[in-house]
Amino acid sequence: MSFIAELFFGTSLTSIKLSILWFYDTLFSVNDTMLRVTRATAILCVIWYLTVTFVIIFQCNPVSAYWESVDSPLYCLSSPAVLLGYEMSNLFLDVTILCIPVTIVPRLRLSTPKKATVLGIFLLGALVCVCSILRLTAIWKPPDVLQNCKSLLSQLSFPKYASSSSASLFQVPNDTKSEAYAE
């Protein structure tokens with residue numbers, strides 16, 4: 001069931017993206033540059049859809065291993081890696097689609113409050129980007145870089161005069177102390 005759901009999810013995302021781009025195509029048809037940008041983005045969406053569908057269908061070899069040997073590394077690609085690529089490319093397309101009207105609305109012959117209202121309506125699409133980011137954070141657990149640095153520093157060897165306290169790095173060895181430094 002999840003196999004079919006993944007295919008329908010990609011199909012529905014692409015349909016929504018293409019319908020928004022079609023709306024942009026009719027709305028911004030007076031500007032040749034915007035028409036090219038909108039159509040190029042639509043072509044990217046179709047390529048994304050075909051690629052994602054291909055990866056979903058053939059992520060397991062044989063295809064039936066998807067529902068017979070769930071998450072078996074012998075037969076299937078790593079699910080988190082597939083989902084991460086899926087969501088990151090989806091987020092890229094969402095941001096691209098969101099930026100298309102942002103570039104043209106400021107050039108419209110409207111008063112500033114009306115421009116702000118129109119731009120605000122288009123920027124409601126940013127909620128989709130927020131949802132994509134939330135899905136990404138649920139999928140991707142980045143490594144703890146600070147913990148990795150701490151473990152690396154603990155494995156390094158230091159010179160013989162260095163000790164665990166940072167103050168000892170600035171002390172003069174006992175045999176070179178003068179009378180002024182005597183305790």
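These numbers come from the heavy atoms of this one structure, side chains and all, not from hydrogens, waters or symmetry mates.
Note: the hydrophobic cluster containing Ile20 also contains Phe23 (ILVMFWY, side chain heavy atoms under 4.5 Å, direct or indirect links). With hydrophobic clusters built from ILVMFWY side chains whose heavy atoms lie under 4.5 angstrom apart, Val128 does not share a cluster with Ile133. Note: the hydrophobic cluster containing Trp22 does not contain Met34 (ILVMFWY, side chain heavy atoms under 4.5 Å, direct or indirect links). Both Phe54 and Leu7 sit in one connected hydrophobic cluster of ILVMFWY residues. Membership requires side-chain heavy atoms under 4.5 Å apart, directly or through other members. Following chains of ILVMFWY side-chain contacts shorter than 4.5 Å, one can reach Val37 starting from Ile104, so the two form part of one hydrophobic cluster.
For residues 96-139, every residue pair satisfying the ring pair (Phe, Tyr, Trp, His ring centres under 6.0 Å) rule, not counting sequence neighbours, is listed here: Tyr24-Phe122. For residues 125-136, the salt bridge (Lys or Arg N to Asp or Glu O under 4.0 Å) pairs, not counting sequence neighbours, are Glu87-Arg135.
Cys45 and Leu21 make their closest contact through SG-CD1, 3.9 Å (heavy atoms, listed as atom of the first residue, atom of the second, distance). The two residues Leu91 and Cys129 have their closest heavy-atom pair at CD1-O, 3.7 Å.
Hydrophobic cluster membership for Val130: Leu134 (Ile, Leu, Val, Met, Phe, Trp, Tyr linked by side-chain heavy atoms under 4.5 Å, directly or transitively). Here Ile43 is tied into one hydrophobic group with Ile47, each link being a pair of ILVMFWY side chains closer than 4.5 Å.
In this structure Tyr49 satisfies the side-chain hydrogen bond (donor to acceptor under 3.5 Å, both in side chains) test together with Thr11, sequence neighbours excluded. Residues meeting the ring pair (Phe, Tyr, Trp, His ring centres under 6.0 Å) test with Phe8, sequence neighbours left out: none. In terms of the side-chain hydrogen bond (donor to acceptor under 3.5 Å, both in side chains) criterion, residue partners of Asp25 (sequence neighbours excluded) are, by chain and number, Arg39. Applying the side chain to side chain contact (heavy atoms under 4.5 Å, CB included) criterion to Val52, with sequence neighbours excluded, gives Trp48, Ile56, Tyr86. Residues forming a side-chain hydrogen bond (donor to acceptor under 3.5 Å, both in side chains) with Gln59 (at least two apart in sequence, or on another chain): none. Taking the side-chain hydrogen bond (donor to acceptor under 3.5 Å, both in side chains) definition, one finds that Thr53 meets it with nothing, sequence neighbours left out.
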Could you list the donor-acceptor pairs under 3.5 angstrom formed between side-chain atoms of residues 108-116 and any protein atom two or more places apart in sequence or on another chain?
from   : atom 1 : to     : atom 2 : distance (Å)
Lys115 : NZ     : Pro106 : O      : 2.8
Lys115 : NZ     : Leu108 : O      : 3.3

Could you pull out every donor-acceptor pair under 3.5 Å between side chains of residues 96-103 and any protein atom, sequence neighbours left out?
from   : atom 1 : to     : atom 2 : distance (Å)
Thr96  : OG1    : Phe92  : O      : 2.8
Thr103 : OG1    : Ile100 : O      : 2.8

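The shortest side-chain heavy-atom distance between Leu44 and Lys17 does not fall under the 4.5 Å cut-off.
Within the model, atoms CG of Leu83 and CG of Asn90 stand 11.5 Å from one another, a figure rounded to the nearest 0.5 Å. Once rounded to the nearest 0.5 Å, the distance linking CG of Leu93 with CE of Met88 reads 12.5 Å. Remark: Ser89 OG to Leu84 CG distance equals 9.5 Å, nearest 0.5 Å.
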Check step by step if side chain to side chain contact (heavy atoms under 4.5 Å, CB included) holds for Glu6 and Val55.
-> CA-CA 11 Å; Glu6 284 185 46; Val55 170; over 6 Å; no
